[in-house]
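Residue numbers start from 1 in every chain, and the chains themselves are labelled A, B, ... in the order their sequence lines are given, proteins ahead of strands.
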2 protein chains.
Amino acid sequence: MAESKGTQSGESLLFLTDEQLRKGIEAMFFAYRGFTSDPDKILEAHGYGRAHHRAVHFIARAPGTTVNALLEVLGVTKQSLNRVLRALIAHELVESRVGKQDKRERHLHLTQKGLALEAELSQAQRTRMRRAFSQAGPDAVVGFKQVLEAMMDEDQKAYFNALKESDQ
Amino acid sequence: MAESKGTQSGESLLFLTDEQLRKGIEAMFFAYRGFTSDPDKILEAHGYGRAHHRAVHFIARAPGTTVNALLEVLGVTKQSLNRVLRALIAHELVESRVGKQDKRERHLHLTQKGLALEAELSQAQRTRMRRAFSQAGPDAVVGFKQVLEAMMDEDQKAYFNALKESDQ
DNA sequence: TGGGAATGTCAATGTGGCTGACATATGACG
DNA sequence: CGTCATATGTCAGCCACATTGACATTCCCA
């Protein structure tokens, strides 16, 4: 896109004061609070926490994903995820199916109950996101995504840009 | 700014698919992880956590702020903040001064040690923010801030837009 | 003088991270 | 076949950080 001056790799070296950057930092802080507040209320009513939401979200995004893949995208230890998954499976929100090709693997799927909770959570979050996008306008949405992607670590960008893959 | 169609209050009712909104949601998730990762490493080396960072940040932003004001901006209970503040004061990163006008209030200030840690933390965070802003470009920065502000709750917007005030 | 505000603190509890250790089932390879 | 590695599950203990509830102190103010 825009390569006005003489910079090589898209780094346009803006004049960014510490004060402007501080505003950006605080924007992330406050916005993330708003971003999580709606699901948090729903989760509390159901007796779950943010960890359950994250697991449910990524299982919904990639049905049939394995435990290891989920561990990587969530960035937690298996012991931490296990506690969450055990509850979700016990409450019949998640189903764990033995892999057909590799029987060591467990492929995770949401049940009807799991899909219902996921729908409730993601609808609340999408409603806020839709409102924010609509208020800010289409150009702002593009900028929003560009900045956020540039803020990620490289390995996380990969997860972000990956869509779905297997099942079974 | 741009009020193209015939919408009244800046809500331009974009065509936003669930998939686009999901990308926005995941962008927030992954970007926030990157956003916090640099300070987290520094904090761990010093034996502190994210809670200490938040306290130090907002004391640095508004020197002389009171405990109550800090409680409100952080959105935690006084018992939770107390544990953090006690450690920061014991380790001489924060100084608590009795108010001159209202002696019930404690006005919080960073010491030299506190300022040093805050500088280390905020510099790491600003570096990432500066890189993201530079990669994305000035227009994207504007959009980023617009969307994030629109994602906040109303009361949090007030804290976001407030600068500093008193001291003493 | 009495109520309420600002602060500090103790205790108990819950969530969600972590490390370390160990067990089981299965795949892969020589 | 035997061996090693992989994928998963689980137990135990620890830590950070949040909560509620209760209570004490100091101080402002009507």
[X] [atom1] to [N] [atom2], straight-line distance once rounded to whole Å:
| X | N | atom1 | atom2 | value |
| --- | --- | --- | --- | --- |
| I89(A) | dG9(D) | CD1 | P | 6 Å |
| H107(B) | dC27(D) | NE2 | P | 14 Å |
| Y48(A) | dT15(C) | OH | C1' | 15 Å |
| H53(B) | dC17(D) | NE2 | C1' | 16 Å |
| K100(A) | dG27(C) | NZ | P | 15 Å |
| K78(B) | dA6(C) | NZ | C1' | 8 Å |
| D40(B) | dC17(D) | CG | C1' | 13 Å |
| H46(B) | dA16(D) | NE2 | P | 16 Å |

Does this structure show an ion pair linking [X] with [Y], if we count only N-O contacts that are shorter than 4.0 Å?
| X | Y | answer |
| --- | --- | --- |
| R126(A) | D38(A) | no |
| R33(A) | D40(A) | no |
| E19(B) | R22(B) | yes |

Nearest of [options] to any side-chain atom of [X]?
| X | options | answer |
| --- | --- | --- |
| S80(B) | dT10(D), dT19(D), dG17(C) | dT19(D) |
| V67(B) | dA6(C), dG8(C), dC17(D) | dG8(C) |
| D102(A) | dA6(C), dG8(C), dT26(C) | dT26(C) |
| K103(A) | dT7(C), dT26(C), dA7(D) | dT26(C) |

Quiz item: [X] side-chain donor-acceptor pair to [N] base, under 3.5 Å:
| X | N | value |
| --- | --- | --- |
| R83(A) | dG17(C) | yes |
| Q79(A) | dG17(C) | no |
| R106(A) | dA25(C) | no |

Donor + acceptor pair across side chains of Q125(A), H57(A) (<3.5 Å):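 The answer is no; no qualifying pair exists.
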
Does OP1 or OP2 of [N] have a side-chain N or O of [X] closer than 4.0 Å?
| X | N | result |
| --- | --- | --- |
| R86(A) | dG9(D) | no |
| N68(B) | dA5(C) | no |
| R50(B) | dG16(C) | no |
| H52(B) | dC17(D) | yes |
| T77(A) | dC18(C) | yes |

Sugar-phosphate only, base, or nothing, as touched by G75(A) at under 4.0 Å among non-hydrogen atoms: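 Touches sugar-phosphate only.
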
Contact nearer the 5' end of DNA chain C, comparing V84(A) with E105(B):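 The residue whose closest nucleotide sits nearer the 5' end is E105(B).
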
Check: Y159(A) ring centroid to F29(B) ring centroid under 6.0 Å: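 They do not qualify: ring centres at least 6.0 Å apart.
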
Along DNA chain D (nearest heavy atom to each residue), the more 5'-positioned of R104(A) and N82(A):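 By nearest-heavy-atom nucleotide position, the 5'-most residue is R104(A).
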
cation_pi(K145(A), F144(B)) dist<6.0 Å, angle<=45: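 Cation-pi check for K145(A) and F144(B): fails.
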
